[in-house]
Number of protein chains: 2
Amino acid sequence: MKPFQNISVYLGVEENNVIKEQHPMQETLDQRLTERNIKPTAVRLLVLKAFMAQEAAIGLADLENRFDHADKTTLYRTLKTFEEHKLIHSIDDGTGALKYALCQETCDCTPEDLHVHFLCTVCNKTFCLNDTPIPQINLPTDFSLDSVNMVVKGLCSDCR
Amino acid sequence: MKPFQNISVYLGVEENNVIKEQHPMQETLDQRLTERNIKPTAVRLLVLKAFMAQEAAIGLADLENRFDHADKTTLYRTLKTFEEHKLIHSIDDGTGALKYALCQETCDCTPEDLHVHFLCTVCNKTFCLNDTPIPQINLPTDFSLDSVNMVVKGLCSDCR
DNA sequence: GCACTTTTGCAACCCGGTTGCATAGGCTCC
DNA sequence: GGAGCCTATGCAACCGGGTTGCAAAAGTGC
């Protein structure tokens, strides 16, 4: 079977001869994509599903491992597309590989949407601390502020 | 002439038949290295000199460009050596290439020595804001804090 | 001068990210 | 329902920053 020929197989909808009404899960996934003007393709639905299934941020390598039948480039471009359309945002946690996490539904990726990211030094997972806004800082005079990246390292609740 | 056979040439000390008293600049460079238990070699003195000559942080590529007769690996290891001995600290400003900046003389690279780094989005230079300590943040319960990386982007005093 | 350690230089590799290009799939219009 | 078009996907190859192995050169102690 060629990859992705039948979306429903991959999304877990039962296959019958007759096309049944859409699975409720897929419906929300679909919505989430179309809301952001992203065409819902098989790979995209799968990737979005992965994001919605877990709290921790996801990197390209994670996706490659999870979907070993999907191509690296496709996954890469899927992430880029999602990012462009502000469905996810990228996180540089200093580990050398970018990770991505779902934006909040109301997110517009403006400075007000910025938040602290947390990297657990044991499990190496990265989380958005959506409730932890980045504190204000005082820059030297003559410096103007644009954006801030703040990554906190430590132990997450599972690892301490 | 083989590279680095005669340190003084590279450090700008006049060459005579008789070895003259050390150049005052080289003396301080020497001191700075030996203080941190680093043997003062030609390359190391040169690299340290580069760090002391400018405020902005320096990356491996910068050094490669500046000293085109020196090998990338040597410069790389020089940076590593300096970092190990806490003469410089590394800065991940999100540009994809690590940069390094001189530690303050009193620095021990403990959490208290952490400070905010500033990346100018125009000239792409990175600075230590040594007088801007990283503000405290409130983590969710059950998260423990280890270290914090905070990079501010904006316009530096030269570029605005 | 000789043996030993450290530093330097060269080559090659690794890994994450990225691009070019050809093919496959889906859509429209007639 | 077939032709043409646009988009998404897959494959291969590349790029840049960082890193390692190994041999030659330089420095050190005797």
Side-chain angles (χ1 to χ4, degrees), chain A residues 1-10 19 30 33-34 36-48 57-65 67-85 87-88 90-100 124 126, chain B residues 1-10 19 30 33-34 36-48 57-65 67-85 87-88 90-100 124 126:
Chain A
M1 184 180 60
K2 290 187 198 158
F4 306 124
Q5 223 166 17
N6 185 335
I7 291 184
S8 60
V9 175
Y10 290 93
I19 295 180
D30 251 63
L33 289 177
T34 46
R36 298 281 184 172
N37 287 315
I38 305 170
K39 242 189 245 174
T41 67
V43 178
R44 290 173 181 172
L45 287 164
L46 274 176
V47 171
L48 177 55
I58 298 180
L60 181 53
D62 300 327
L63 293 179
E64 282 188 80
N65 295 334
F67 310 122
D68 50 348
H69 54 280
D71 182 72
K72 180 190 177 189
T73 311
T74 303
L75 296 170
Y76 168 72
R77 286 199 263 243
T78 300
L79 290 174
K80 285 294 181 193
T81 303
F82 283 10
E83 190 184 16
E84 266 169 40
H85 290 75
L87 179 60
I88 61 178
S90 72
I91 306 168
D92 182 350
D93 61 8
T95 54
L98 278 183
K99 291 176 184 161
Y100 296 84
N124 221 39
T126 302
Chain B
M1 184 181 58
K2 291 184 196 162
F4 305 125
Q5 224 166 17
N6 184 336
I7 292 184
S8 60
V9 175
Y10 291 93
I19 295 180
D30 252 65
L33 290 177
T34 47
R36 298 281 184 172
N37 286 315
I38 305 170
K39 243 190 246 175
T41 68
V43 178
R44 290 172 181 171
L45 287 164
L46 274 175
V47 172
L48 177 55
I58 297 179
L60 181 53
D62 300 326
L63 293 179
E64 281 187 82
N65 295 335
F67 311 122
D68 51 347
H69 53 282
D71 183 73
K72 179 190 177 188
T73 314
T74 303
L75 296 170
Y76 167 73
R77 286 198 264 242
T78 300
L79 289 173
K80 285 294 181 193
T81 304
F82 283 9
E83 190 184 14
E84 266 170 39
H85 290 75
L87 179 60
I88 61 178
S90 71
I91 306 168
D92 182 349
D93 61 7
T95 54
L98 278 183
K99 291 176 185 163
Y100 296 84
N124 222 39
T126 301

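Order of the sequence lines sets the chain letters (A, B, ...), proteins ahead of strands, with each chain counted from 1. Because only heavy atoms are used, hydrogens play no part in the values below, and waters and symmetry mates are left out as well, while side chains stay in.
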**Request:** Rounded to the nearest angstrom, tell me the gap between atom CG in D71(B) and atom C1' in dT20(D).
**Result:** 13 Å

**Prompt:** How many Å lie between CZ on F67(A) and P on dA8(D), as a whole number?
**Reply:** 18 Å

**Message:** Need one value for K99(B): base, sugar-phosphate or nothing, where a base atom within 4.0 Å counts as base even if backbone is also close, heavy atoms only.
**Reply:** nothing

**Message:** Heavy atoms from C-beta onward define the side chain here; which of dA8(D), dC11(D), dG18(D) lies closest to that of K39(A)?
**Reply:** dA8(D)

**Asked** Over how many whole Å does the gap from D68(A) atom CG to dG10(D) atom P extend?
**Response** 12 Å

**Complete:** Here the distance between atom C1' of dG17(C) and atom CD of E83(A), to the nearest Å, is 13 Å

**Request:** Measure distances between side-chain N and O atoms of T73(B) and base N and O atoms of dA11(C), and say whether any donor-acceptor pair falls under 3.5 Å.
**Result:** yes

**Prompt:** Do the side chain of D62(A) and the main chain of G59(A) share a donor and acceptor less than 3.5 angstrom apart?
**Reply:** yes

**Item:** Interatomic distance, L60(B) CG vs dG18(D) P [rounded to whole Å]
**Value:** 6 Å

**Message:** If you compare every side-chain N and O of T41(B) against the phosphate oxygens of dA26(D) (OP1, OP2), does one of them come in below 4.0 Å?
**Reply:** no

**Asked** Under 4.0 Å between a side-chain N or O of Y76(A) and OP1 or OP2 of dG17(C)?
**Response** no

**Item:** Closest contact, heavy atoms only, L60(A) versus Y76(A)
**Value:** CD1-N, 3.6 Å

**Prompt:** Counting just side-chain N and O atoms, does T74(A) come under 4.0 Å of either OP1 or OP2 of dG10(D)?
**Reply:** yes

**Request:** Would you indicate what G59(B) reaches in the nucleic acid, counting non-hydrogen atoms under 4.0 angstrom: base, sugar-phosphate, or nothing?
**Result:** nothing

**Message:** If the cut-off is 4.0 Å, is K80(A) near the phosphate of dT18(C), judged by side-chain N/O to OP1 or OP2?
**Reply:** yes

**Request:** Could you pick out which residue, R77(A) or K72(A), lies toward the 5' side of DNA chain C when each is mapped onto its nearest nucleotide?
**Result:** K72(A)

**Request:** Considering non-hydrogen atoms only, spot the tightest contact between K99(A) and N124(A) and give its length.
**Result:** NZ-O, 2.9 Å

**Asked** Where the side chain of V43(A) is defined as all heavy atoms beyond and including C-beta, which of dG17(D), dG16(C), dT9(D) is the nearest nucleotide?
**Response** dT9(D)

**Prompt:** So do the side chains of L48(A) and F82(A) get within less than 4.5 Å of each other, counting heavy atoms only?
**Reply:** yes

**Protein-nucleotide distance (I58(B), atom CD1; dG17(D), atom C1'), rounded to Å** = 17 Å

**Complete:** Closest heavy-atom pair, P40(B) versus L33(B), reported as atoms and distance to 0.1 Å, is CA-CD1, 3.7 Å

**Request:** Check the distance between dA24(C)'s C1' and H69(A)'s NE2 and give it to me in whole angstrom.
**Result:** 16 Å

**Prompt:** Between L45(A) (CG) and dG26(C) (P), how many Å, whole number?
**Reply:** 13 Å

**Message:** Just to be sure I understand the rule, does R44(B) reach a base, reach only the sugar-phosphate, or reach nothing, if contact means heavy atoms closer than 4.0 Å?
**Reply:** sugar-phosphate

